[in-house]
> 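Please read through the structure below; I'll follow up with questions.
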Amino acid sequence: MEGLRRRLARLGDVRAPRTVLPAVLLRARLADRYARVRVAGVGLFVAWNHHGVSAVDQAASTAAFERRFRRRFGRPAFQATVLPTQLAARIEDVVKGGRRRPLRCDLRGLSSFARAVLLKTREIPRGEVRPYTWIAAEIGRPGSARAVGAALAANPVPLLLPCHRVVRTDGGLGGYIFGLGMKRAVLAAEGLRPSAIEASAREGVRYVGSDTTKIYCFPTCHRARRIARRHRVEFRGERQAAAAGYRPCRVCRPSSAR
(Lines give C-alpha, C1' and ligand atoms only; values in the text may rest on other atoms or scores of the structure.)
Protein backbone atom coordinates (compact mmCIF):
# COMPACT_ATOMS: atom_id res chain seq x y z
CA MET A 1 0.00 0.00 0.00
CA GLU A 2 2.86 2.38 0.83
CA GLY A 3 4.41 1.77 -2.61
CA LEU A 4 1.10 2.57 -4.28
CA ARG A 5 0.85 5.83 -2.37
CA ARG A 6 4.36 6.82 -3.44
CA ARG A 7 3.58 6.09 -7.09
CA LEU A 8 0.33 8.10 -6.92
CA ALA A 9 2.17 11.00 -5.31
CA ARG A 10 4.68 11.05 -8.16
CA LEU A 11 1.84 11.60 -10.64
CA GLY A 12 1.93 15.26 -9.64
CA ASP A 13 5.33 15.53 -11.32
CA VAL A 14 4.08 14.21 -14.64
CA ARG A 15 3.96 16.78 -17.43
CA ALA A 16 2.09 16.38 -20.68
CA PRO A 17 4.15 16.61 -23.87
CA ARG A 18 4.61 20.18 -25.11
CA THR A 19 2.62 19.37 -28.23
CA VAL A 20 -0.55 18.49 -26.30
CA LEU A 21 -1.71 22.04 -25.49
CA PRO A 22 -1.37 23.37 -29.05
CA ALA A 23 -3.14 20.29 -30.40
CA VAL A 24 -6.01 20.68 -27.94
CA LEU A 25 -6.41 24.42 -28.60
CA LEU A 26 -6.26 23.94 -32.36
CA ARG A 27 -8.77 21.11 -32.26
CA ALA A 28 -11.06 23.23 -30.07
CA ARG A 29 -10.63 26.11 -32.56
CA LEU A 30 -9.17 28.36 -29.88
CA ALA A 31 -5.86 28.99 -31.63
CA ASP A 32 -4.36 29.63 -35.05
CA ARG A 33 -1.39 28.34 -36.98
CA TYR A 34 1.10 30.61 -38.69
CA ALA A 35 4.10 30.44 -40.98
CA ARG A 36 6.61 32.90 -42.33
CA VAL A 37 6.34 33.35 -46.08
CA ARG A 38 7.24 35.78 -48.84
CA VAL A 39 4.24 37.74 -50.07
CA ALA A 40 4.75 40.24 -52.90
CA GLY A 41 8.49 39.77 -52.42
CA VAL A 42 8.39 40.67 -48.71
CA GLY A 43 8.85 38.36 -45.74
CA LEU A 44 5.63 38.32 -43.72
CA PHE A 45 3.89 36.19 -41.15
CA VAL A 46 0.57 34.66 -42.24
CA ALA A 47 -1.81 33.12 -39.70
CA TRP A 48 -4.90 31.06 -40.47
CA ASN A 49 -7.68 29.02 -38.88
CA HIS A 50 -10.86 27.27 -40.01
CA HIS A 51 -12.51 30.66 -40.68
CA GLY A 52 -9.78 31.67 -43.15
CA VAL A 53 -6.62 33.80 -43.07
CA SER A 54 -6.63 35.70 -39.80
CA ALA A 55 -3.49 37.83 -39.97
CA VAL A 56 -0.81 39.10 -42.33
CA ASP A 57 1.84 40.96 -40.39
CA GLN A 58 5.46 42.00 -40.11
CA ALA A 59 7.49 41.24 -36.99
CA ALA A 60 11.13 41.01 -36.05
CA SER A 61 10.85 37.40 -34.89
CA THR A 62 8.40 34.55 -34.34
CA ALA A 63 8.21 35.44 -30.65
CA ALA A 64 7.37 39.06 -31.51
CA PHE A 65 4.69 37.94 -33.96
CA GLU A 66 3.13 35.58 -31.39
CA ARG A 67 3.01 38.39 -28.81
CA ARG A 68 1.43 40.81 -31.29
CA PHE A 69 -1.08 38.21 -32.41
CA ARG A 70 -2.16 37.31 -28.86
CA ARG A 71 -2.40 40.97 -27.86
CA ARG A 72 -4.59 41.78 -30.84
CA PHE A 73 -6.81 38.70 -31.08
CA GLY A 74 -6.79 37.35 -27.53
CA ARG A 75 -5.74 33.83 -28.52
CA PRO A 76 -2.42 32.12 -29.27
CA ALA A 77 -0.91 31.28 -32.64
CA PHE A 78 1.36 28.27 -33.06
CA GLN A 79 4.10 28.03 -35.65
CA ALA A 80 3.75 25.64 -38.56
CA THR A 81 6.58 24.57 -40.84
CA VAL A 82 4.92 25.87 -44.01
CA LEU A 83 1.56 27.10 -45.25
CA PRO A 84 -0.73 24.37 -46.57
CA THR A 85 -0.08 24.02 -50.29
CA GLN A 86 -3.60 25.01 -51.33
CA LEU A 87 -3.62 28.08 -49.08
CA ALA A 88 -0.20 29.19 -50.36
CA ALA A 89 -1.45 28.89 -53.95
CA ARG A 90 -4.60 30.87 -53.18
CA ILE A 91 -2.62 33.67 -51.51
CA GLU A 92 -0.27 33.89 -54.49
CA ASP A 93 -3.26 34.04 -56.83
CA VAL A 94 -4.89 36.87 -54.86
CA VAL A 95 -1.70 38.93 -54.69
CA LYS A 96 -1.17 38.51 -58.43
CA GLY A 97 -4.71 39.63 -59.19
CA GLY A 98 -6.19 36.24 -60.00
CA ARG A 99 -9.90 35.89 -60.66
CA ARG A 100 -10.66 32.79 -58.62
CA ARG A 101 -13.27 32.94 -55.89
CA PRO A 102 -12.30 35.30 -53.03
CA LEU A 103 -9.94 33.98 -50.39
CA ARG A 104 -11.67 33.50 -47.06
CA CYS A 105 -10.47 35.89 -44.36
CA ASP A 106 -11.30 35.77 -40.67
CA LEU A 107 -12.77 39.18 -39.85
CA ARG A 108 -14.39 38.22 -36.56
CA GLY A 109 -14.15 40.95 -33.97
CA LEU A 110 -14.45 43.76 -36.51
CA SER A 111 -17.50 45.99 -36.66
CA SER A 112 -19.92 45.60 -39.55
CA PHE A 113 -18.68 48.97 -40.84
CA ALA A 114 -15.03 47.86 -40.80
CA ARG A 115 -15.91 44.59 -42.54
CA ALA A 116 -17.83 46.48 -45.23
CA VAL A 117 -14.87 48.82 -45.78
CA LEU A 118 -12.33 46.02 -46.08
CA LEU A 119 -14.47 43.82 -48.32
CA LYS A 120 -15.14 46.76 -50.63
CA THR A 121 -11.40 47.02 -51.32
CA ARG A 122 -11.67 43.69 -53.16
CA GLU A 123 -13.61 45.49 -55.87
CA ILE A 124 -10.70 47.80 -56.69
CA PRO A 125 -8.90 46.19 -59.64
CA ARG A 126 -5.22 45.39 -59.42
CA GLY A 127 -3.26 48.35 -60.71
CA GLU A 128 -5.89 50.93 -59.76
CA VAL A 129 -6.61 53.09 -56.71
CA ARG A 130 -9.70 54.72 -55.21
CA PRO A 131 -10.08 57.48 -52.58
CA TYR A 132 -11.50 57.06 -49.08
CA THR A 133 -14.60 58.94 -50.15
CA TRP A 134 -15.32 56.36 -52.86
CA ILE A 135 -15.26 53.55 -50.30
CA ALA A 136 -17.51 55.54 -47.96
CA ALA A 137 -20.10 56.25 -50.66
CA GLU A 138 -19.99 52.73 -52.08
CA ILE A 139 -20.88 51.17 -48.71
CA GLY A 140 -23.69 53.65 -48.16
CA ARG A 141 -21.86 55.82 -45.62
CA PRO A 142 -20.99 59.07 -47.45
CA GLY A 143 -19.21 61.52 -45.21
CA SER A 144 -17.39 58.80 -43.26
CA ALA A 145 -14.04 59.06 -45.04
CA ARG A 146 -12.14 59.50 -41.77
CA ALA A 147 -13.73 56.35 -40.33
CA VAL A 148 -12.86 54.52 -43.55
CA GLY A 149 -9.22 55.48 -43.04
CA ALA A 150 -9.31 54.13 -39.48
CA ALA A 151 -10.82 50.83 -40.65
CA LEU A 152 -8.15 50.45 -43.32
CA ALA A 153 -5.41 51.15 -40.77
CA ALA A 154 -6.71 48.23 -38.68
CA ASN A 155 -6.85 45.76 -41.58
CA PRO A 156 -5.76 42.37 -40.15
CA VAL A 157 -4.97 40.93 -43.59
CA PRO A 158 -3.30 43.63 -45.73
CA LEU A 159 -2.43 42.67 -49.31
CA LEU A 160 -5.18 40.05 -49.28
CA LEU A 161 -7.81 42.72 -48.64
CA PRO A 162 -5.96 45.38 -50.65
CA CYS A 163 -6.08 48.50 -48.52
CA HIS A 164 -2.93 49.63 -50.38
CA ARG A 165 -5.25 50.48 -53.29
CA VAL A 166 -7.02 53.18 -51.29
CA VAL A 167 -5.64 56.72 -51.28
CA ARG A 168 -6.48 60.01 -49.64
CA THR A 169 -9.48 62.01 -50.75
CA ASP A 170 -7.18 64.50 -52.51
CA GLY A 171 -5.55 61.66 -54.44
CA GLY A 172 -2.32 61.54 -52.41
CA LEU A 173 -1.02 58.10 -51.49
CA GLY A 174 -1.66 58.49 -47.76
CA GLY A 175 -0.34 56.04 -45.17
CA TYR A 176 -0.03 52.27 -45.04
CA ILE A 177 0.18 49.60 -42.37
CA PHE A 178 3.61 48.45 -43.58
CA GLY A 179 4.89 51.93 -44.36
CA LEU A 180 4.63 54.26 -47.33
CA GLY A 181 7.72 52.78 -48.95
CA MET A 182 6.09 49.37 -49.20
CA LYS A 183 2.85 50.91 -50.45
CA ARG A 184 4.76 52.52 -53.30
CA ALA A 185 6.55 49.24 -54.04
CA VAL A 186 3.34 47.18 -54.09
CA LEU A 187 1.52 49.66 -56.32
CA ALA A 188 4.52 49.78 -58.66
CA ALA A 189 4.51 45.98 -58.82
CA GLU A 190 0.87 46.21 -59.91
CA GLY A 191 1.83 48.45 -62.82
CA LEU A 192 1.20 51.90 -61.35
CA ARG A 193 3.56 54.86 -61.09
CA PRO A 194 3.25 56.15 -57.51
CA SER A 195 5.18 59.31 -58.43
CA ALA A 196 2.57 60.09 -61.10
CA ILE A 197 -0.26 59.55 -58.60
CA GLU A 198 1.39 61.94 -56.18
CA ALA A 199 2.06 64.51 -58.93
CA SER A 200 -1.60 64.48 -60.00
CA ALA A 201 -2.66 64.99 -56.38
CA ARG A 202 -0.33 67.99 -56.01
CA GLU A 203 -1.73 69.49 -59.19
CA GLY A 204 -5.30 69.00 -57.99
CA VAL A 205 -6.26 66.58 -60.78
CA ARG A 206 -9.03 64.35 -59.47
CA TYR A 207 -10.46 62.96 -62.70
CA VAL A 208 -9.52 62.58 -66.34
CA GLY A 209 -11.84 62.38 -69.33
CA SER A 210 -11.79 61.70 -73.04
CA ASP A 211 -12.97 64.44 -75.38
CA THR A 212 -14.14 61.73 -77.79
CA THR A 213 -16.39 59.77 -75.41
CA LYS A 214 -17.21 62.62 -72.99
CA ILE A 215 -16.68 60.20 -70.10
CA TYR A 216 -14.54 60.96 -67.04
CA CYS A 217 -12.79 58.46 -64.76
CA PHE A 218 -10.39 58.20 -61.87
CA PRO A 219 -6.87 58.68 -63.29
CA THR A 220 -5.86 55.05 -62.67
CA CYS A 221 -9.02 53.49 -64.15
CA HIS A 222 -7.97 51.11 -66.93
CA ARG A 223 -10.23 53.04 -69.32
CA ALA A 224 -8.59 56.36 -68.42
CA ARG A 225 -5.15 54.91 -68.99
CA ARG A 226 -6.09 54.09 -72.58
CA ILE A 227 -6.97 57.72 -73.43
CA ALA A 228 -4.53 59.17 -75.96
CA ARG A 229 -2.73 62.25 -74.67
CA ARG A 230 -4.30 64.51 -77.33
CA HIS A 231 -7.79 63.49 -76.19
CA ARG A 232 -7.10 63.63 -72.45
CA VAL A 233 -8.91 66.27 -70.40
CA GLU A 234 -8.21 66.84 -66.70
CA PHE A 235 -10.75 67.90 -64.07
CA ARG A 236 -10.43 69.10 -60.49
CA GLY A 237 -13.87 67.88 -59.51
CA GLU A 238 -17.05 66.28 -60.77
CA ARG A 239 -18.86 69.62 -61.00
CA GLN A 240 -16.25 70.85 -63.42
CA ALA A 241 -16.57 67.64 -65.44
CA ALA A 242 -20.37 67.83 -65.49
CA ALA A 243 -20.28 71.47 -66.50
CA ALA A 244 -18.10 70.50 -69.47
CA GLY A 245 -20.70 67.95 -70.53
CA TYR A 246 -18.94 64.81 -69.31
CA ARG A 247 -20.61 61.87 -67.58
CA PRO A 248 -19.03 59.54 -65.02
CA CYS A 249 -17.52 56.19 -66.00
CA ARG A 250 -19.81 53.30 -65.17
CA VAL A 251 -16.83 51.06 -64.40
CA CYS A 252 -14.84 53.07 -61.83
CA ARG A 253 -17.90 55.10 -60.72
CA PRO A 254 -16.11 58.38 -59.88
CA SER A 255 -19.39 60.10 -59.04
CA SER A 256 -19.45 58.07 -55.82
CA ALA A 257 -16.45 59.98 -54.46
CA ARG A 258 -18.08 63.21 -53.43
Side-chain angles (χ1 to χ4, degrees), residues 39-40 42 44 46-48 51-58 72 90-180 182-192 194 197 201 206 217-224 249-258:
V39 180
V42 178
L44 297 171
V46 175
W48 71 94
H51 291 286
V53 178
S54 53
V56 175
D57 202 1
Q58 288 182 321
R72 179 169 187 178
R90 290 288 295 112
I91 289 175
E92 183 177 7
D93 180 66
V94 169
V95 172
K96 290 183 176 180
R99 296 179 179 276
R100 300 182 191 176
R101 60 183 176 80
L103 178 64
R104 287 197 307 148
C105 295
D106 183 3
L107 302 181
R108 293 175 298 162
L110 298 182
S111 68
S112 58
F113 175 85
R115 286 195 299 272
V117 167
L118 295 179
L119 293 176
K120 177 56 65 170
T121 66
R122 281 178 168 165
E123 298 181 22
I124 306 172
R126 190 174 191 271
E128 299 185 24
V129 296
R130 301 286 186 271
Y132 295 149
T133 47
W134 181 87
I135 295 278
E138 286 277 313
I139 65 172
R141 295 286 297 275
S144 62
R146 187 182 297 273
V148 165
L152 295 171
N155 184 1
V157 286
L159 294 176
L160 304 184
L161 294 180
C163 55
H164 62 275
R165 295 176 192 158
V166 186
V167 296
R168 292 195 318 242
T169 298
D170 65 2
L173 289 183
Y176 187 50
I177 293 170
F178 297 145
L180 187 54
M182 184 169 173
K183 185 171 188 174
R184 289 194 181 99
V186 174
L187 291 175
E190 294 187 353
L192 287 171
I197 294 173
R206 294 282 304 282
C217 305
F218 287 115
T220 61
C221 175
H222 68 276
R223 290 189 172 185
C249 172
R250 293 177 181 174
V251 176
C252 67
R253 303 186 295 279
S255 58
S256 296
R258 299 187 178 185

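In this chain, numbering begins with 1 at the start of the sequence shown.
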> Give a yes or no answer on whether the side chain of R165 reaches the backbone of V129 with a donor-acceptor pair at less than 3.5 Å.
no
> Identify the heavy atoms of P131 and V166 that sit nearest to each other, and give their distance.
C-CG1, 4.1 Å
> For S54, what residues pass the side chain to side chain donor-acceptor pair (under 3.5 Å) criterion, not counting sequence neighbours?
D32
> Do I124 and I135 make a side-chain contact, defined as non-hydrogen atoms from C-beta onward lying under 4.5 Å apart?
yes
> Treating W134 as the side-chain partner and C252 as the backbone partner, does any N or O pair qualify as donor plus acceptor under 3.5 Å?
yes
> Please give me the minimum heavy-atom distance between C105 and L161, naming the atom from each residue.
SG-CG, 4.3 Å
> What are the two closest heavy atoms between A201 and G171, and how far apart are they?
CB-C, 3.5 Å
> Sequence neighbours excluded, which residues qualify as side chain to side chain donor-acceptor pair (under 3.5 Å) partners of E123?
K120
> Restricting to salt bridge (charged side-chain N to carboxylate O under 4.0 Å, His left out), what partner residues turn up for R146, sequence neighbours left out?
none
> How long is the gap from CZ on R184 to CG on L192, to the nearest 0.5 Å?
13.5 Å
> Any sub-3.5 Å donor-acceptor pair from D57's side-chain atoms to L44's backbone N or O?
no
> Residues in side chain to side chain donor-acceptor pair (under 3.5 Å) with R126, at least two apart?
none
> Is the side chain of K183 donor-acceptor paired with the backbone N or O of G175 at a distance under 3.5 Å, no angle test?
yes
> For Q58, look at atom CD and say whether over 12 heavy atoms of other residues, nucleotides or ligands are found less than 6.0 Å away.
yes
> Return the minimal non-hydrogen interatomic distance between E92 and K96, and the atom names on each side.
OE2-NZ, 2.8 Å
> Does S144 use its side chain to pair, donor to acceptor, with the backbone of A147 at less than 3.5 Å?
no
> When rounded to the nearest 0.5 angstrom, what is the spacing between CG in N155 and CD1 in I177?
4.5 Å
> Rounded to the nearest 0.5 Å, what's the gap from CD1 on I91 to CG on L159? Could you check?
10.0 Å
> Looking at every heavy atom in both P125 and R130, which two are closest together, and how far apart are they?
CD-NH2, 3.9 Å
> Minimum heavy-atom separation for V53 and V157, please, with both atom names.
O-CG1, 3.6 Å
> Taking atom NE2 of H164 and atom CG of L173, what is their separation to the nearest 0.5 Å?
11.5 Å
> Apply salt bridge (charged side-chain N to carboxylate O under 4.0 Å, His left out) to R115 and list each qualifying residue two or more places apart in sequence or on a separate chain.
none
> Yes or no on side-chain contact (heavy atoms from CB on, under 4.5 Å) for V42 and M182, after CA distance, side-chain angles and deciding distance?
CA-CA 9 Å; V42 178; M182 184 169 173; 3.8 Å; yes
> When rounded to the nearest 0.5 angstrom, what is the spacing between CG in L103 and CG in L160?
5.5 Å
> Taking side chain as C-beta onward, heavy atoms only, is V56 less than 4.5 Å from P156?
no
> With sequence neighbours excluded, tell me which residues meet salt bridge (charged side-chain N to carboxylate O under 4.0 Å, His left out) with D93.
R90, R100
> Distance from I139 atom CD1 to F113 atom CZ, nearest 0.5 Å?
4.5 Å
